[in-house]
Amino acid sequence: MKRLRLCPNIITFNTLITALVKYPSTHSLFLCNELFNDALKLGLCPTTITINILIKGYCLAYKYKDANQLLDRMSEFGCVPDNVSYNTILDGLCEKGRLNEVRDLLLDMKGKGLMPNRNTYNILVHGYCKIGWLKDAAQIVELMTQNNTLPDVWTYNMLIGGLCNEGRIDDAIRIRDEMVGLKLLPDVKTYNTLINGCLDNKRSSEAFDLLEEMNQKGIKCNEITYNTLIKGYCKEGKMDKAREVLQKMEESGLCPDCVSYNTLISAYCKAGNLPEVLRIMKRIGEKGLKMDNFSLNTLLHILCQERKLDEAYELLSVAPTRGYLVDAVSYGTLITGYFRCADTEKALKLWDEMEEREVIPTIVTYNIIIGGLCKSGKTQQAIAKLNELLEKGIVPDEITYNTIIHGYCWEGNIEKAFQFHNKMVENSFKPDVYTCNILLRGLSREGMLEKAIKLFNTWIDKGKTTDVVTYNTLITALCKDQRLDDALGLVAEMEEKNIQRDKYTHNAIVGALTDAGRLKEAEEFMTDRERPSEQRLQMDDREHELRVDELDSSSIAYSQQIDELCAEGRYKDAMLIYAQVTQRGIDLQKSTYFTLIKGLIKRRKSISKTG
DNA sequence: ATAGGGTTAG
């Protein structure tokens, strides 16, 4: 256009940057900035919409600082921020759980005379639901009603999502019924949320009932419904069923997307089925889809799992040059990997690198670093990180508190563990079954069995839930203290409560019975151990798992050939050989699969090269 | 041409 001496108007420009901003990558923001400066030079006057689009771009790339700066500089360009400008940033901050900044920005907004509208309220409801503050979410709904901004389907859907996340499916369904009474009709998103909630809480038959129900009501399934079902099957290890859903999705005229494929990739990664991972990644490319952050992070995860930390770090380093957005999940994955390999130093170094790159950590990232520090015996540094996240207005979750309590117990500081526990209960901490188990274990380890039993009884009296770990912890401690009959009493209690015993229960009891010379009982207990629920969940595709000893010589030769081609950067040729190998049904060496997979990740074209 | 809900990764 410029070459033709045509001057784009502001609408053309806005359209252009909207497209760029929609798919955030390393280059798109940079390009947007360049274009923006270019537009200014051409004498174009940006409008509030222009700036709002740019703000959205920064938010999508998690650059909230830049977004805020742009907001402050709007007057320089002769425009004023509106509700959209604020809502965009508010939503981004809610997404990351940065509640302090949310509060500050809301105040700033009101100071400018802008009143929160329905979108603003819904953003806040969403933010609270995400961190499980359902009471606060309900308060916002109350506020909406007071301000004559009645909650809509969006509001209700988010409340339903919040309840599902807390496992409160029945309450969620009740709210759904409430909607119908208010003439707010549940839509496909309501159903997707509920179906997802059921599947996550092991209530899959209800999930399928809901699916049936939405069909009857004429609400059409969409990609997300199918992706949710795929995830459900993947979680149960039913890969064949997951593939069936993918098939059905295509038959119904819907296109599997990145989410569908990433879900499968992640499941196959967990099953160690690298050939399948590679096959799907290849498929993504053939379909004209691009691998995204999720694909990248999944690969980083499996590299870390295989303890290939150097390779993972290399991938993390080159990813931005390939257009991928390296984010808090990418860093969290590697930091977890380093801690697992007991390389605390590198883990901490990576945390610093993350901060230097202005990648914003979430509560999960903080939980990782806090857990790692605790495990390395640096509980004080862990506490420092806790204070740091609190200062940022990030809300800790149960995992954060449990990790620190565990840390104190780990270093044998039971007293501090309880002090911390009590102090946090005064705040917002709701101890869960993990908390109970951690404290029981800590007390037992320090030989304070009586206190453990007391804690256990109080816990039960409060009507709190227990699990097999709770019982195992006490049973093991009782056995060690030669209180075998008390331990057997707990086994009976488990039976009553329908808590299935596992190999830990078994080992403790059989060992103690044997030591006590009660061999007959030990034998009885042993024959009793094969219970249906104890049988391991089998992946459908476990037989495909690579086994080094099954590789024949041709496989090794092919693997070598492919490795060499990849080392020369000749991925295309390597993929050709790979195609031949697959046709002949030969498996490659594990590391060769990794090499090819990394090749596919690296091949992602960046926007700057195509554009 | 701009803002809010449901699916995938640590």
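Each chain gets a letter, A, B and so on, in the order the sequences are listed, and its residues count up from 1. Both backbone and side-chain heavy atoms feed into the values below; hydrogens, waters and symmetry mates do not.
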Indicate, yes or no, whether a donor-acceptor pair under 3.5 Å links the base of B:dG10 to the side chain of A:Thr365.
-> yes

In whole angstroms, the gap separating P of B:dT8 from CG of A:Leu199 amounts to 10 Å

Between CG of A:Leu194 and P of B:dT7 the distance, given in whole Å, is 12 Å

Across all chains, not counting sequence neighbours, the side chain to side chain contact (heavy atoms under 4.5 Å, CB included) partners of A:Asp91 are A:Ile123, A:His126

To the nearest angstrom, the CD1-P distance between A:Ile335 and B:dA9 comes to 19 Å

Testing B:dA9, B:dG10, B:dA3 for proximity to the side chain of A:Asn83, the answer is B:dA3

Among the nucleotides B:dG10, B:dA1, B:dA9, whichever has the atom closest to the side chain of A:His301 is B:dG10

Looking only at B:dA9, B:dT7, B:dG10, the nucleotide nearest the A:Ile368 side chain is B:dG10

task: Check the pair A:Lys349, A:Glu353 against salt bridge (Lys or Arg N to Asp or Glu O under 4.0 Å), reporting the backbone distance first and the verdict last.
output: CA-CA 6 Å; A:Lys349 224 177 116 194; A:Glu353 184 187 311; over 6 Å; no

Would A:Arg357 and A:Tyr331 count as having a side-chain donor-acceptor pair, cut-off 3.5 Å?
yes

Regarding the side chain of A:Ala328, the nearest nucleotide among B:dT7, B:dG10, B:dT2 is B:dG10

A:Lys56 has its side chain closest, among B:dA3, B:dT8, B:dG10, to B:dA3

Testing B:dA1, B:dT7, B:dG10 for proximity to the side chain of A:Thr47, the answer is B:dA1

A:Ile17 atom CD1 is separated from B:dA1 atom P, nearest whole Å, by 13 Å

Taken to the nearest whole Å, CZ/A:Phe77 to P/B:dT2 is 20 Å

Side-chain atoms of A:Lys231 come closest, of B:dA1, B:dA3, B:dT8, to B:dT8

* Give the ring-plane orientation class for A:Phe208 versus A:Tyr233, where under 30° counts as parallel, over 60° as perpendicular and anything between as tilted. => tilted

Taken to the nearest whole Å, CG/A:Leu246 to P/B:dT7 is 19 Å

The salt bridge (charged side-chain N to carboxylate O under 4.0 Å, His left out) partners of A:Arg307 (sequence neighbours excluded) come to none

(message) Considering every strand and a 4.0 Å limit on heavy-atom distances, what is the contact class for A:Ile53: base, sugar-phosphate, or nothing?
(response) sugar-phosphate

* To do: Scan A:Asp187 against the nucleic acid and name what it touches under 4.0 Å (heavy atoms): base, sugar-phosphate only, or nothing.
  => base

When rounded to whole Å, the CE to P distance for the pair A:Met158 and B:dT7 reads 13 Å

Side-chain contact check for A:Asn297: nearest option of B:dA9, B:dA1, B:dT7 is B:dA9

Of the candidates B:dA3, B:dA9, B:dT7, the side chain of A:Thr228 sits closest to B:dT7

Looking only at B:dA1, B:dT8, B:dT7, the nucleotide nearest the A:Thr15 side chain is B:dA1

### Query
Reckon A:Val125 touches a base, only the sugar-phosphate, or nothing at all at heavy-atom distances under 4.0 Å?
nothing

A:Lys270 NZ to B:dG10 P, in whole Å, measures 5 Å

